[in-house]
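Read the structure below first, then the notes.
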Amino acid sequence: MLEPLLRKNLPRLQHFYDRAPGPARHLLTSARGWVLTRLRYSRETFAILDGLRGHESWNSGQVADHQLRGLRRTISHALDSVPFYADYPRVELRSFDDLKRLPVIDREHILGNQDRLLSRTVPAGRRIRAGTTGTTGASLRVAYSENLARHNWAFLLRQWAWAGVAPREPRVTFQGPRVVPAQRNEPPYWAYNVPERQVLMSIFHLSGRTAPSYLDFLRRHCGEVLEGFPSVLGILADFAIEAGVGIPMRAIFTSGEPLYPHLRAKIERVFGAGVFDSYGMTEYCGLVQECERGQMHLAPEYGFLEILDEDGSPTKPGREGYFVWTGFLNDAMPLIRYRIGDRGRWQDGGPCACGRTFPLVVPTITRESDILRCPDGRLFSARALNQLLKQSNSFRCCQFIHDRPNRVVVRAVPRGAFQNGQTADDLMQIRSDLQDLLGSSMQVAAELAIDPLSRLGGKIPLIVSEVATP
Ligand SMILES: [Zn+2]
């Protein structure tokens with residue numbers, strides 16, 4: 001029950017946290033960790049994990065049976081308890097083909113029906129709400145339950161097991177939480193989550209000047225598990241290469257962004273361990289995880305995946321199409337045939353050498369983005385700035401344009417009318433958050449636009465740098 005309450009008050013708690021003295025921040029981070037630990041390492045979570053590990057010996061028939069049952073259960077739960085699906089036809093699912101009789105929905109459907117998509121079976125006090133920004137920098141509010149959080153962690157632990165990593169092994173994490181106030185300019189750029197034996201590193205303080213502190217800290221933690229966003233681990237790897245050091249870690253887990261081959265090679269070289277990548281989303285309707293043989297497996301217990309072309313027909317193996325997910329686990333906000341905006345393909349060829357028959361998928365999300373390089377030397381990855389957009393849902397798209405050496409423009413494309421008070425408030429909030437983060441060496445402006453800036457092939461980068469890199 002604590003997690004829904006914490007999530008609801010996160011912006012206010014962040015304000016309090018940023019003003020707390022250093023030791024208190026470690027204590028608060030650990031307190032937060034303790035709440036999460038109770039979900040992540042509960043008896044129920046380990047029981048789920050046991051089940052999941054047992055499924056690794058399934059043959060393809062057992063995988064298909066499980067998926068068909070999952071679809072039936074999810075659709076019947078959604079139609080019975082979620083207002084949005086009240087008018088859906090009662091389809092009897094005899095085979096996967098029958099699913100085609102239900103419509104495909106997308107992010108716009110969720111945005112327009114954020115409350116009508118909530119299930120009556122999960123009371124408001126038990127819903128955990130979270131923001132997600134997807135591939136276009138537009139925010140979406142989703143809901144899930146503690147039960148889902150436990151399942152989610154069990155899947156993560158299963159992938160750790162593939163990497164030979166046991167639960168609660170010490171780890172160093174480079175992800176989104178703002179664990180250190182923006183204006184801090186001396187170490188520590190990290191906070192300790194003692195119950196989980198985890199160090200949360202700030203991804204908002206990376207610069208040539210702070211690089212030695214980060215590298216020293218990592219060296220003291222060498223041999224531990226390293227996890228983070230690919231672009232951030234890439235920045236760290238560059239620091240290490242420049243300093244001429246290698247820092248061997250136990251294993252590396254990446255998520256949240258595309259992991260390009262050159263980035264993987266660099267990260268693996270510097271940190272002396274294999275990368276285990278994964279693809280998931282805050283809507284919690286599907287999961288793809290890399291095994292020890294380097295292949296990306298669909299987690300068949302998490303959700304059902306269709307890959308469809310522009311006309312809504314299934315693609316052939318090897319051909320790229322849109323991911324359309326039906327999630328099995330999120331009772332609080334079930335999504336049926338949800339076209340999330342990411343793309344990928346079924347992998348051609350035989351079964352994986354790891355022996356698991358879980359289908360092989362290659363996500364080909366290509367959210368290319370520049371890195372924001374501030375005049376004071378700080379570096380911000382797309383995922384770092386993305387964090388600023390999670391609280392607002394007025395925009396169809398939001399980008400950061402670095403147009404002069406010391407100026408960034410927040411360029412937002414509103415969802416509705418330009419003359420909307422909420423739109424203006426949200427834009428000013430993002431501008432002010434970014435100004436706080438970047439400090440006085442950077443001037444932050446904001447503007448509304450009709451269309452996003454796109455690059456060749458229609459890709460919409462989050463950060464657009466028009467400034468020559470030094
Ligand atoms: Zn495999």
Take Glu196 and Arg40, measure what salt bridge (Lys or Arg N to Asp or Glu O under 4.0 Å) needs, and give me the verdict at the end. CA-CA 9 Å; Glu196 278 206 61; Arg40 290 174 169 175; 2.6 Å; yes

Within a reach of under 6.0 Å around CZ of Arg293, are more than 12 heavy atoms found that belong to other residues, nucleotides or ligands? no

Between Arg158 (side chain) and Ala154 (backbone), is there a donor-acceptor pair under 3.5 Å? no

About how many Å separate CD1 of Ile371 and OG of Ser381, when rounded to the nearest 0.5 Å? 7.0 Å

Test item: Asn330 side-chain N/O and Ala143 main-chain N/O as donor-acceptor pair under 3.5 Å: yes

Report yes if the side chains of Leu200 and Tyr192 come closer than 4.5 Å at any heavy-atom pair, otherwise no. no

Check whether any side-chain N or O of Arg209 sits under 3.5 Å from a backbone N or O of Asn185 as a donor-acceptor pair, and report yes or no. yes

More than 12 heavy atoms of other residues, nucleotides or ligands under 6.0 Å from CZ of Arg53: is that the case? yes

Answer yes when Arg345 and Glu320 have at least one side-chain N-carboxylate O distance shorter than 4.0 Å, and no when they do not. no

If only side-chain N and O atoms count, and only distance matters, is there a donor-acceptor pair under 3.5 Å linking Asp342 with Tyr279? yes

Check this for me: does any side-chain nitrogen of one of Glu224 and Arg171 sit under 4.0 Å from a carboxylate oxygen of the other? no

How long is the straight-line distance from CG of Asp436 back to CZ of Arg431, given to the nearest 0.5 Å? 9.5 Å

Criterion salt bridge (Lys or Arg N to Asp or Glu O under 4.0 Å) on Glu283 and Arg107, from CA distance to verdict: CA-CA 10 Å; Glu283 293 92 327; Arg107 286 176 72 87; 3.5 Å; yes

Hey, does the side chain of Gln347 reach the backbone of Val362 with a donor-acceptor pair shorter than 3.5 angstrom? no

Would you check if the side chain of Asn152 reaches a backbone N or O of Leu148 as a donor-acceptor pair within less than 3.5 Å? no

Do you know which two heavy atoms are closest between Glu301 and Phe328, and how far apart they sit? O-CD1, 3.6 Å

When you compare the side chain of Phe271 with that of Lys266, does any pair of heavy atoms fall below 4.5 Å? no

Would Arg411 and Glu447 count as a salt bridge (Lys or Arg N to Asp or Glu O under 4.0 Å) if you check the C-alpha gap in whole Å, the side-chain angles of each, and the deciding distance to 0.1 Å? CA-CA 5 Å; Arg411 193 175 185 281; Glu447 68 182 30; 3.5 Å; yes

Whether the Thr210 and Ser213 side chains hold a donor-acceptor pair (N or O, under 3.5 Å, no angle test) is what I'd like checked. no

Whether Gln289 side chain and Phe276 backbone form a donor-acceptor pair below 3.5 Å: no

Tyr302-Tyr284 aromatic ring centre distance below 6.0 Å: no

Closest heavy-atom contact between Leu308 and Val324? CD1-CG2, 3.7 Å

So CE of Met296 and CZ of Phe358: to nearest 0.5 Å the spacing works out to 14.5 Å

Passing candidate, side chain to side chain contact (heavy atoms under 4.5 Å, CB included) with Leu226, options Val275, Leu218, Leu236, Thr254: Leu218

Could Arg356 and Trp162 be counted as a cation-pi pair, given that NZ or CZ must be under 6.0 Å from the ring centre and within 45° of the axis? yes

To the nearest 0.5 Å, atom CG of Leu438 lies from atom CD of Gln183 at 9.0 Å

Parallel, tilted or perpendicular, judged at 30° and 60°: which one describes the rings of Trp325 and Phe323? perpendicular

Mind checking the OG1-CG spacing from Thr315 to Asp309? Nearest 0.5 Å is all I need. 7.0 Å

Can you see whether Asp18 engages Gln14 through a side-chain donor-acceptor pair at a distance of less than 3.5 angstrom? yes

One thing to verify: whether Glu306 and Arg339 come together as a salt bridge, which I'm taking to mean a side-chain N less than 4.0 angstrom from a carboxylate O. no

Determine whether Ile203 and Ile235 make a side-chain contact, defined as any pair of heavy atoms from C-beta on separated by less than 4.5 Å. no

Main-chain N/O of Val194 paired with Ser30 side-chain donor or acceptor, under 3.5 Å: yes

Do we see a donor-acceptor contact under 3.5 Å between the side chains of Tyr144 and Thr282? no

May I ask you to test the Gln159-Leu157 pair for a side-chain heavy-atom distance under 4.5 Å? no

Test item: His297 side-chain N/O and Ala299 main-chain N/O as donor-acceptor pair under 3.5 Å: no

For Glu292 and Ala163, indicate whether the former's side chain and the latter's backbone hold a donor-acceptor pair under 3.5 Å. no

Side-chain contact test, heavy atoms from C-beta onward, threshold under 4.5 Å: evaluate it for Asp403 versus Val467 and give yes or no. no

Note, Val409 side chain near Gln399 side chain (heavy atom, < 4.5 Å): no

Looking at Arg184, I'd like to know if its CZ atom is crowded, meaning that more than 12 non-hydrogen atoms belonging to other residues, nucleotides or ligands lie closer than 6.0 Å. yes

Ring centres under 6.0 angstrom apart (Phe239, Tyr214): no

Does Trp190 have its ring centroid less than 6.0 Å away from the ring centroid of Phe217? yes

Are any non-hydrogen side-chain atoms of Leu462 and Leu389 less than 4.5 angstrom apart? yes

Step by step, would you call Arg264 with Glu290 a salt bridge (Lys or Arg N to Asp or Glu O under 4.0 Å)? CA-CA 13 Å; Arg264 174 194 291 270; Glu290 183 174 357; 3.0 Å; yes

Judged by atom type as modelled, is there a donor-acceptor pair below 3.5 Å linking the side chain of Arg25 to the main-chain atoms of Ala20? yes

Whether the Gln422 and Ser394 side chains hold a donor-acceptor pair (N or O, under 3.5 Å, no angle test) is what I'd like checked. no

State, with a plain yes or no, whether a side-chain heavy atom of Phe380 is found less than 4.5 Å away from one of Leu437. yes

What orientation do Trp153 and Trp160 show, parallel under 30°, tilted 30 to 60°, or perpendicular over 60°? perpendicular

Do Arg168's NZ or CZ and the ring of Tyr41 fall within the cation-pi criteria of under 6.0 Å and 45°? yes

CZ (Arg197) and CD (Glu169) are apart, to the nearest 0.5 Å, by 8.0 Å

Scan side-chain atoms only and decide if Ser202 and His205 contain a donor-acceptor pair under the 3.5 Å cut-off. yes

